[in-house]
Amino acid sequence: MSGLMVDARSVRKSFGSNEVLKGITLSVEQGQVLVLLGPSGSGKSTFLRCINHLETINGGRIYVDGDLMGYRQVGDVLHEMKPAAIAAQRRHIGMVFQRFNLFPHLTALENVIEAPIGVNKENAKDAKQRGMKLLERVGLGDKFDHYPSQLSGGQQQRVAIARALAMEPKLMLFDEPTSALDPELVGEVLNVMRDLAKEGMTMIVVTHEMGFAREVADTVVFMDQGLVVEAGSPAEVLDNPQHERTKAFINSVL
């Protein structure tokens, strides 16, 4: 498969007088993995949230699989879509956050099948069978009936990934998915993400896991102060950065 899955053009975002994104232009082809690196406050997570319109943008355009996200354009003017239309667009985009955000009163399986049944009106029996397969896929085939409080942080994050996959997304967004985990639990989540990449899932990942970026990313982007400072292959950005700011950041995390 080829073609752009994400096409962000001159994206700007401000919170009051603080301009967090200062004209971000990035693209991700179908089946590719883009890793966003950068210091805290550089705009990475904000950009990720703008892609699925969890944050409204103040300028530019974001297209996902050819569709303008969150807006309809009439002439040169953008009009924000109604919430139901935006929600329909988001169904095709899975997002995994730093915190797992699981429903504590639902089992792992119930967490996974909640949206397919409630939002997509999927048959409960079919959703349950598919949900069990997804939990098996992320290595939790023996945890169907466990509640979040009975699971480790790594297991909860894998449930969160299975939950996102249950909506059959064409794009997965990961916002520092391992940053809240104990170090010994990081690997089990990254392994699931590696498998997704091998299977051809289009992914944008905000992370500080340099080994993962080097191994899995097609493109690495370094952001700082709301700007793209440097972009290229892992070898180019991680092993031979051209900008002093990139060099300093990589040296600080390696």
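Numbers here simply count residues along the sequence, with the first being 1.
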Just so I know, are the side chains of Ile250 and Pro241 near enough to count as touching, which here means a heavy-atom distance under 4.5 Å?
yes
Check your understanding: Would you say the side-chain atoms of Arg90 pair up with the backbone N or O of Asn52, donor to acceptor, closer than 3.5 Å?
Key -> yes
Q: Tell me, with the steps shown, if Gln155 and Glu188 meet side-chain contact (heavy atoms from CB on, under 4.5 Å).
A: CA-CA 8 Å; Gln155 290 169 336; Glu188 62 191 49; 4.2 Å; yes
Exercise. Is Asp126 salt-bridged to Lys128, going by a charged N under 4.0 Å from an acidic O?
Worked result: no
Item to check | Minimum side-chain heavy-atom gap Thr202-Lys170 below 4.5 Å | outcome: no
Treating Asn240 as the side-chain partner and Glu236 as the backbone partner, does any N or O pair qualify as donor plus acceptor under 3.5 Å? no
Contacts of Ser45 meeting side chain to side chain donor-acceptor pair (under 3.5 Å) (sequence neighbours excluded), chain-then-number -> Asp175
Counting only heavy atoms not in Lys133 (residues, nucleotides, ligands), do more than 12 fall under 6.0 Å from its NZ? no
Show me, pair by pair, the donor-acceptor contacts under 3.5 angstrom made by side chains of residues 134-146, not counting sequence neighbours?
from	atom 1	to	atom 2	distance (Å)
Arg137	NH2	Glu199	OE1	2.3

For residues 206-225, the salt bridge (Lys or Arg N to Asp or Glu O under 4.0 Å) pairs (sequence neighbours left out) are Arg194-Glu215, Arg214-Asp239, Asp224-Arg245
What one should report as the nearest heavy-atom pair of Val35 and Ala213 is CG1-CB, 3.9 Å
Do any side-chain atoms of residues 82-89 form donor-acceptor pairs under 3.5 angstrom with protein atoms, and if so which ones, sequence neighbours left out?
from	atom 1	to	atom 2	distance (Å)
Gln89	OE1	Gly70	N	2.8
Gln89	NE2	Leu68	O	2.9

Among the clusters formed by ILVMFWY side chains lying less than 4.5 Å apart, do Leu37 and Val20 turn up in the same one? no
Taken to the nearest 0.5 Å, the spacing of Arg9 CZ from Asp7 CG works out to 4.0 Å
### Query
Which is it for Asp67 and Val64 under the side-chain contact (heavy atoms from CB on, under 4.5 Å) test, yes or no, and what are the steps along the way?
CA-CA 5 Å; Asp67 292 331; Val64 175; 5.7 Å; no
Scanning both residues in full, the closest heavy-atom pair of Leu109 with Gly131 reads CD1-C, 3.6 Å
Note: Val11 and Leu21 closest approach over all heavy atoms is O-CB, 3.7 Å
Applied to residues 226-254, the ring pair (Phe, Tyr, Trp, His ring centres under 6.0 Å) test, sequence neighbours excluded, yields His208-Phe249, Phe222-Phe249
Applying side chain to side chain contact (heavy atoms under 4.5 Å, CB included) to Lys125 and not counting sequence neighbours gives Asn123, Gln129
| request: Evaluate the side-chain proximity of Pro169 to Ile93: yes if any heavy-atom separation is below 4.5 Å, no if none is. | output: no
I'd like to know if Glu122 pairs up with Arg130 as an ion pair, taking the criterion as any Lys NZ or Arg NE/NH1/NH2 lying under 4.0 Å from an Asp or Glu carboxylate oxygen.
yes
*Heavy-atom side-chain proximity of Thr219 to Leu26 below 4.5 angstrom*: no
Hits for side chain to side chain contact (heavy atoms under 4.5 Å, CB included) against Val74, two or more places apart or cross-chain, chain-then-number order -> Arg72, His79
* **Linked, directly or transitively: Leu165 and Leu190 (ILVMFWY side chains, under 4.5 Å)** => yes
### ILVMFWY cluster, Tyr63 and Val77 together (side-chain gap under 4.5 Å)
no
Contacts of Lys22 meeting side chain to side chain contact (heavy atoms under 4.5 Å, CB included) (sequence neighbours excluded), chain-then-number -> Arg12, Glu19, Gln225, Leu227
Rounding to 0.5 Å, atoms NE2 (His92) and CE (Met69) come to a distance of 9.5 Å
In this structure, OG1 of Thr107 is separated from CD of Glu114 (nearest 0.5 Å) by 10.5 Å
One should read off an interatomic distance between Leu238 CG and Met210 CE, to the nearest 0.5 angstrom, of 6.0 Å
Residues at least two apart in sequence or cross-chain that pass side chain to side chain contact (heavy atoms under 4.5 Å, CB included) with Asn58, listed by chain then number, are Lys13, Ser14
With a 3.5 Å distance limit and no angle check, can you tell me whether Glu176 reaches the backbone of Thr207 through a side-chain donor-acceptor pair?
no
Acceptor/donor pairs from residues 95-106 side chains to any protein atom, 3.5 angstrom cut, sequence neighbours excluded:
from	atom 1	to	atom 2	distance (Å)
Gln98	OE1	Ser179	OG	3.3
Asn101	ND2	Arg99	O	3.3

### Message
Between Met193 and Val216, does the side-chain contact (heavy atoms from CB on, under 4.5 Å) criterion hold? Intermediate values first, please.
### Response
CA-CA 9 Å; Met193 295 169 65; Val216 176; over 6 Å; no
For the hydrophobic clusters of this structure (ILVMFWY residues joined by side-chain heavy atoms under 4.5 Å, transitively), does one cluster hold both Val159 and Met201?
yes
Open item on the list: Is there a path of hydrophobic side-chain contacts, each under 4.5 Å between heavy atoms of I/L/V/M/F/W/Y residues, joining Leu196 to Leu48?
Closed with: no
Tightest non-hydrogen contact, residues Met5 and Gln30, listed as CE-CG, 3.7 Å
In short, Ile24 meets Gly226 closest at the heavy-atom pair CD1-O, 3.3 Å
| field | Minimum side-chain heavy-atom gap Met223-Val229 below 4.5 Å | value | no
Item to check | Non-hydrogen side-chain atoms of Val205 and Leu36 separated by less than 4.5 Å | outcome: no
Applied to residues 12-55, the ring pair (Phe, Tyr, Trp, His ring centres under 6.0 Å) test, sequence neighbours excluded, yields His53-Tyr71
OG1 of Thr46 to CD of Glu55, rounded to nearest 0.5 Å, is 6.0 Å
inquiry  = For a 4.5 angstrom cut-off between non-hydrogen side-chain atoms, does Ile161 reach Val189?
reply    = yes
request  = Go through the steps for Cys50 and Ile62 under the test side-chain contact (heavy atoms from CB on, under 4.5 Å), then give the verdict.
outcome  = CA-CA 8 Å; Cys50 287; Ile62 299 176; 3.9 Å; yes
**Asked** Do Ser152 and Leu185 have side chains that get closer than 4.5 Å, going by heavy atoms?
**Response** yes
Taken in chain and number order and not counting sequence neighbours, the residues that satisfy side chain to side chain donor-acceptor pair (under 3.5 Å) with Glu230 are Thr246
In terms of heavy-atom contacts, Ala124 and Ile117 come closest through CA-CD1, 3.8 Å
